[in-house]
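Heads up: the structure comes next, in structure tokens.
The model shown is predicted, which means the values in this text are computed figures rather than measured ones. Each chain gets a letter, A, B and so on, in the order the sequences are listed, and its residues count up from 1.
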Amino acid sequence: MPELPEVETVVRDLRPELVGRTFTALNVGPQTLRKPWQKTDTPKIIGSTIQHVLRRGKWIGITLSIPEVLLVHLGMTGQFTIANANATVPNHTHFVFTLSDARELRFRDVRRFGSISLLNNEAALHAFLNVQLGPEPADLILKDFQDAIRASGRTVKAILLDQTVVAGIGNIYADEALFRAGLHPERRGTKVKLAECEQLMRAIQEVIAEAIERRGSTIRDYIGGSGLRGGFQHALMVYGRTSEACVRCGTPIRMVRVGGRSSHFCPQCQKPG
DNA sequence: CTGTAATCCTGCGAGC
DNA sequence: TGCTCGCAGGATTACA
């Protein structure tokens, strides 16, 4: 999926186009997403005006002039874009929201791992997000992060993918952060030193910030809210670079499966410890 | 507490 | 050209 930097890019693209606009119509396709959309929700949102577009982790929240709130997840292949109403609607488009300026907000998702649902109110949104998610990378507190890592016997790779430890990291940025911190993906949390936790936290914060600056990584399907691709894929140092030379030492990058996910690392720069 | 595998889906590239 | 296989940015669940 789009991970934090990609979702942030979508939100930044959509926000100025959506805030203040009103939904004048909504068409929902027949195929279900991860969370089924209730038909009774459609008339609720028609006529409502968009107030805020926010991101938490990989989730998008859209608050409206009614109590209900839209909650969106892009899954693996979700695309959430603004388009002119006369532009061709691509296949796998499951939601088309018509806006008061005669443009459309479209949700396209080939693999249908994403979701759009309506929550009763903003309190329910924040309750949901706070249960599902740990802190944003930028808000990490070193002591808490160290405690979370070192209390777990899981691999650091699995810990980084755990959204309750830190929100928004996925497979790409987990691998990139571990490379920057010099940590082997299969290192156990209990075996990570305090100073290494600090390096890892900084690595996460840096790689996420840099990726946001470059509008995220377009590896396959990802596009921003304006339809533009990302550029950070060119700055990736290990992800998708199996067998290529490590940018730091020249050793071929290796790929192993950790916790069912492919993990890319430099066997020279990232020691198991 | 762990890890592993399966599940939800479609599409694409590699290899034969 | 066409087939099968494996793999893909996520998250959840069942089971060992």
Side-chain angles (χ1 to χ4, degrees), chain A residues 1-11 29-37 55-60 71-80 90-94 107-117 128-129 131-134 137 147-178 185-192 204 207-208 211-212 214-225 229-236 238-243 255-264:
Chain A
M1 127 185 199
E3 306 180 25
L4 190 158
E6 291 76 32
V7 180
E8 177 65 21
T9 302
V10 168
V11 164
Q31 294 190 293
T32 57
L33 300 177
R34 192 155 240 285
K35 298 181 180 202
W37 175 261
R55 179 197 59 74
R56 249 309 251 131
K58 302 171 191 174
W59 293 92
I60 298 170
L71 177 67
V72 181
H73 197 290
L74 302 180
M76 292 268 245
T77 53
Q79 299 176 340
F80 206 25
N91 58 353
H92 305 295
T93 299
H94 306 293
F107 185 83
R108 174 172 189 259
D109 186 359
V110 171
R111 288 174 71 183
R112 288 192 274 139
F113 288 176
S115 68
I116 296 190
S117 51
F128 174 84
L129 294 175
V131 167
Q132 296 285 315
L133 304 175
D147 288 348
I149 299 285
R150 286 154 59 88
S152 173
R154 300 143 85 198
T155 61
V156 273
K157 174 65 181 274
I159 297 169
L160 290 188
L161 293 177
D162 182 342
Q163 300 298 300
T164 67
V165 172
V166 52
I169 302 200
N171 210 34
I172 294 177
Y173 298 106
D175 283 4
E176 292 299 314
L178 289 169
E186 289 176 294
R187 180 91 75 92
R188 301 285 148 173
T190 47
K191 298 283 180 64
V192 182
I204 290 166
V207 74
I208 293 291
I212 290 172
R214 307 265 292 260
R215 297 181 50 85
S217 306
T218 293
I219 305 290
R220 290 180 183 78
D221 306 297
Y222 163 74
I223 52 173
R229 296 161 56 87
F232 196 71
Q233 64 276 12
H234 303 301
L236 298 176
V238 285
Y239 184 85
R241 300 190 70 246
T242 308
S243 301
M255 198 264 271
V256 294
R257 293 199 82 79
V258 183
R261 310 295 298 279
S262 62
S263 297
H264 311 72

_side-chain N/O R188(A) vs dG3(B) OP1/OP2, d < 4.0 Å_ = yes
*asked:* With a 4.5 Å cut-off on side-chain heavy atoms, are R187(A) and V192(A) touching?
replied: yes
*Whole angstrom is fine here: how far is it from NE2 in H94(A) over to C1' in dT10(B)?*
10 Å
*For D109(A), report the nucleic acid contact type (base, sugar-phosphate, nothing); a contact means any heavy atom under 4.0 Å.*
nothing
*Within this structure, what is the CG-to-C1' distance between D221(A) and dG13(B), rounded to whole angstrom?*
14 Å
*Ignoring backbone atoms, establish whether Q132(A) has a side-chain N or O less than 4.0 Å from OP1 or OP2 of dT12(C).*
yes
*asked:* Can you check the distance between dC8(B) and dC3(C), where both ends of the measurement are the P atom (answer in whole Å)?
replied: 25 Å
*asked:* Measuring only the C1' atom in each nucleotide, how far is dT10(B) from dT1(C)? A whole number of Å is fine.
replied: 22 Å
*asked:* Rounded at 0.5 Å granularity, tell me how far NZ in K58(A) sits from CD in Q132(A).
replied: 12.0 Å
*So, is R111(A) near the phosphate of dA11(C), with a side-chain N or O under 4.0 Å from OP1 or OP2?*
no
*So which one's nearest nucleotide on DNA chain C is more toward 5', Q163(A) or S262(A)?*
S262(A)
*Is the ring centre of F113(A) under 5.5 Å from the base ring centre of dC8(B), and are the two planes under 30° apart, so that they stack?*
yes
*Would you tell me if any nitrogen or oxygen in the side chain of H92(A) comes within less than 4.0 Å of OP1 or OP2 on dG11(B)?*
yes
*Salt-bridged, D221(A) to R111(A), with N to O below 4.0 Å?*
no
*Any L71(A) side-chain heavy atom under 4.5 Å of H73(A) side chain*: no
*Please round to the nearest 0.5 Å and tell me the distance separating atom CG of L178(A) and atom CD of E186(A).*
11.0 Å
*Write down the distance between CZ (R112(A)) and P (dT12(C)), rounded to a whole number of angstrom.*
19 Å
_Value in whole Å for how far the C1' atom of dC8(B) lies from CG of L74(A)_ = 17 Å
*Base, sugar-phosphate, or nothing: which does G260(A) touch, judged by heavy atoms less than 4.0 Å apart?*
nothing
*When all nucleic acid strands are considered with a 4.0 Å heavy-atom cut-off, which category describes Y239(A): base, sugar-phosphate, or nothing?*
sugar-phosphate
*asked:* Defining pairs by Watson-Crick or G-U wobble geometry with both distances under 3.5 Å, how would you list the stems of DNA chain B with at least three pairs each?
replied: B:2-8 with C:10-16, B:10-16 with C:2-8
*K157(A) NZ to dT4(B) P: how many Å, rounded?*
13 Å
_Selection from dG3(B), dA11(C), dT10(B) that lies nearest to any side-chain heavy atom of Q31(A)_ = dT10(B)
_On the nucleotide dC1(B), are OP1 or OP2 found under 4.0 Å from the side-chain N or O atoms that S152(A) carries?_
no
*Between dT7(B) (P) and M76(A) (CE): distance, integer Å*: 16 Å
_Can you see if the side chain of K35(A) gets near the phosphate of dA11(C) - specifically, an N or O under 4.0 Å from OP1 or OP2?_
no
*I219(A) CD1 - dG11(B) C1' separation (whole Å)*: 16 Å
*Report the relative orientation of the aromatic rings in Y173(A) and F232(A); use parallel for angles under 30°, tilted for 30 to 60°, perpendicular for over 60°.*
tilted
_R154(A) CZ - dT2(B) P separation (whole Å)_ = 6 Å
*Is the ring centre of F107(A) less than 6.0 Å from the ring centre of H94(A)?*
no
_Between dG2(C) and dC9(B), how far apart are the two P atoms, rounded to whole Å?_
28 Å
*Any side-chain heavy atom of W59(A) within less than 4.5 Å of one from L133(A)?*
yes
